[in-house]
Colleague: 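This is the structure I want to talk about, given as structure tokens.
Note that the numbering runs from 1 along the sequence shown for the chain.
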Amino acid sequence: MEALALGPARRGRRRTRAAGSLLSQAAILLFISAFLVRVPSSVGHLVRLPRGFRLTKDSVKIVGSTSFPVENRTAQITSTGSLVFQNFEESMSGIYTCFLEYKPTVEEIVKRLQLKYAIYAYREPHYYYQFTARYHAAPCNSIYNISFEKKLIQILSKLLLDLSCEISLLKSECHHVKMQRAGLQNELFFTFSVSSLDTEKGPKPCTDHNCEPSKRLFKAKNLIERFFNQQVKILGRRAEQLPVIYYIEGTLQMVWINRCFPGYGMNVQKHPKCPECCVICSPGSYNPRDGIHCLQCNSSLVYGAKTCL
């Protein structure tokens with residue numbers, strides 16, 4: 001969990017061949033299958049004190065209220081005057097007030113400073129690619145279509161194994177499509193998503209900058225596009241009759257989708273410094289599902305509401 005603060009403070013060639021070979025083998029395998037089956041880190045909000053002011057832990061008390069105590073294990077003020085939150089949790093979102101007393105110099109009188117600022121929990125958006133593709137199919141009640149669907153998802157998943165990306169089939173439908181010259185034909189409409197997994201959940205540890213979800217997703221997108229292009233090339237080289245199930249050239253479409261987790265939403269007006277952040281819903285709003293915005297709910301009195309009661 002991370003914290004977003006608003007207030008007074010600012011805040012080789014060999015490798016290429018291997019990849020190409022894998023794509024070719026995968027495309028060929030799928031083609032043959034169609035023919036055979038006929039079938040929280042500690043993120044703190046820094047409060048900068050006047051120049052020359054020195055503060056130590058011994059001179060500071062961290063207090064709260066009876067309903068929301070602030071403990072030293074979750075909040076600290078360092079000797080340089082920085083307020084640091086550790087293990088930030090959703091319930092710690094809210095309005096914070098700091099009362100400070102200090103003397104800029106020994107000769108000057110004690111000055112008092114009151115700071116109010118809001119701290120919101122936020123999370124990275126749950127973003128993913130959504131693909132659609134169409135295949136010429138066997139009759140819509142044929143079990144071969146189901147077998148082919150499973151084989152397609154298995155091959156795509158294997159292609160993305162090293163990227164710690166996950167393929168999910170969202171929808172698969174068979175329709176009778178009327179063609180201008182060929183009459184009615186059966187077509188499979190596939191919709192699937194590609195999302196990034198946590199790197200620690202992947203098959204291989206990943207520690208460099210290439211582990212960023214957006215970079216891994218971009219590589220996954222390129223592999224999938226190349227995979228479908230390979231199928232077109234393989235079909236183009238065939239001299240004999242086409243298989244029952246095959247990819248229809250030019251039907252692959254892709255869109256980039258952003259979603260926030262329940263209880264979070266994007267709000268560029270309220271959080272202009274982080275317009276693409278999924279920020280916890282404030283009291284008076286909620287997000288019940290993976291939408292983008294917090295919806296109004298006057299009866300909601302907590303941060304991160306997922307229902308409107």
Side-chain angles (χ1 to χ4, degrees), residues 1-4 15-16 18-23 25-27 30 40-43 87-90 120-133 149-172 190-231 252-268 271 274-281 287-294 304 306:
M1 188 67 59
E2 297 175 291
L4 174 67
R15 189 174 185 86
T16 303
S21 175
L22 180 60
L23 281 166
Q25 292 173 10
L30 183 60
S41 61
S42 300
V43 178
N87 302 319
F88 196 87
E89 298 177 359
E90 291 181 349
Y120 299 86
Y122 76 97
R123 303 179 69 171
E124 292 294 330
H126 172 55
Y127 42 76
Y128 58 92
Y129 283 111
Q130 181 172 296
F131 291 86
T132 57
E149 169 190 305
K150 293 180 179 178
K151 178 64 69 174
L152 173 63
I153 297 302
Q154 287 174 0
I155 292 175
L156 292 176
S157 297
K158 186 176 180 180
L159 278 179
L160 308 185
L161 188 62
D162 291 341
L163 294 175
S164 295
C165 288
E166 180 179 44
I167 295 276
S168 298
L169 181 64
L170 303 179
K171 186 165 55 175
S172 176
F190 288 113
T191 303
F192 59 93
S193 66
V194 180
S195 56
S196 62
L197 297 169
D198 294 336
T199 51
E200 60 267 20
K201 294 181 181 179
K204 295 182 180 180
C206 187
T207 57
D208 60 22
H209 68 281
N210 291 320
C211 295
E212 294 178 15
S214 58
K215 292 186 177 181
R216 288 188 282 118
L217 281 174
F218 183 74
K219 290 180 179 179
K221 176 185 77 73
N222 289 340
L223 284 173
I224 289 174
E225 289 175 337
R226 288 170 59 190
F227 166 76
F228 282 93
N229 288 335
Q230 287 280 0
Q231 292 191 67
L252 181 69
Q253 303 292 326
M254 177 272 302
V255 292
W256 173 266
I257 295 179
N258 276 344
R259 288 292 184 267
C260 292
F261 292 91
Y264 290 77
M266 297 180 184
N267 191 326
V268 65
H271 308 292
C274 199
E276 295 182 358
C277 293
C278 288
V279 184
I280 196 166
C281 295
N287 184 4
R289 56 183 68 87
D290 59 345
I292 299 179
H293 305 294
C294 297
K306 302 177 179 64

Colleague: Taking all non-hydrogen atoms of both residues into account, name the closest pair between A133 and L252 and its distance.
Modeller: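 For A133 and L252, the tightest heavy-atom pair comes out as CB-CD1, 4.0 Å.
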Colleague: Give the C-alpha distance, both sets of side-chain angles, the deciding distance and a yes or no for side-chain contact (heavy atoms from CB on, under 4.5 Å) between Y129 and F192.
Modeller: CA-CA 8 Å; Y129 283 111; F192 59 93; over 6 Å; no
Colleague: Answer yes or no: is there a donor N or O on one side and an acceptor on the other, between the side chain of H293 and the main chain of M266, under 3.5 Å?
Modeller: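 The answer is yes, because a donor-acceptor pair under 3.5 Å joins these two groups.
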Colleague: Hey, what do you get for CD (E276) to CD1 (I292), rounding to the nearest 0.5 Å?
Modeller: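 Here the rounded value is 10.5 Å.
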Colleague: Please name the pair of heavy atoms, one in P275 and one in V268, separated by the smallest distance, quoted to 0.1 Å.
Modeller: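 That closest heavy-atom pairing would be CB-CG2, 3.7 Å.
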Colleague: Show, in sequence, the C-alpha distance, side-chain angles and deciding distance for L223 and L160, and conclude whether the side-chain contact (heavy atoms from CB on, under 4.5 Å) test is met.
Modeller: CA-CA 8 Å; L223 284 173; L160 308 185; 4.0 Å; yes
Colleague: Not counting sequence neighbours, which residues clear side chain to side chain contact (heavy atoms under 4.5 Å, CB included) with Q130? List them please.
Modeller: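 Q130 satisfies side chain to side chain contact (heavy atoms under 4.5 Å, CB included) with Y128, L170, T191, V255, I257 only.
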Colleague: Taking atom CD1 of I280 and atom NE2 of H271, what is their separation to the nearest 0.5 Å?
Modeller: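 Those atoms lie 10.0 Å apart.
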Colleague: Please test L217 against V194 for side-chain contact (heavy atoms from CB on, under 4.5 Å), starting from the C-alpha separation and ending with a verdict.
Modeller: CA-CA 7 Å; L217 281 174; V194 180; 4.1 Å; yes
Colleague: Minimum heavy-atom separation for A220 to C165, with atom names?
Modeller: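 Looks like CB-SG, 4.1 Å.
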Colleague: Could you tell me the separation between the NZ atom of K150 and the CG atom of L152, rounded to the nearest 0.5 Å?
Modeller: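 So the gap between those two atoms works out to 13.5 Å.
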Colleague: Main chain of S164, side chain of R216: is a donor-acceptor contact present, judged purely on distance under 3.5 Å?
Modeller: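 Such a contact is found between R216 side chain and S164 backbone.
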Colleague: Can you tell me how far apart NZ (K171) and CG (L169) are? Round to the nearest 0.5 Å.
Modeller: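 Here the interatomic distance stands at 10.5 Å.
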Colleague: So, do F190 and I153 sit near enough that their side-chain heavy atoms are less than 4.5 Å apart?
Modeller: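 Contact flag for F190/I153 side chains = no.
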Colleague: Could you tell me which non-hydrogen atom of C294 sits nearest to which non-hydrogen atom of G265, and how far apart they are?
Modeller: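 So the two residues come closest at SG-N, 3.6 Å.
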Colleague: Out of R259, R123, K306, which residue meets the side-chain contact (heavy atoms from CB on, under 4.5 Å) rule with Y264?
Modeller: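 Of R259, R123, K306, side-chain contact (heavy atoms from CB on, under 4.5 Å) with Y264 is met by R123 alone.
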Colleague: Taking salt bridge (Lys or Arg N to Asp or Glu O under 4.0 Å) as the definition, give me every residue that meets it alongside E225, ordered by chain and number, with sequence neighbours left out.
Modeller: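 By the salt bridge (Lys or Arg N to Asp or Glu O under 4.0 Å) rule, E225 matches K221.
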Colleague: Could you measure the distance from the CE atom of M254 to the OG atom of S193? Nearest 0.5 Å is fine.
Modeller: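 One finds 13.5 Å between CE of M254 and OG of S193.
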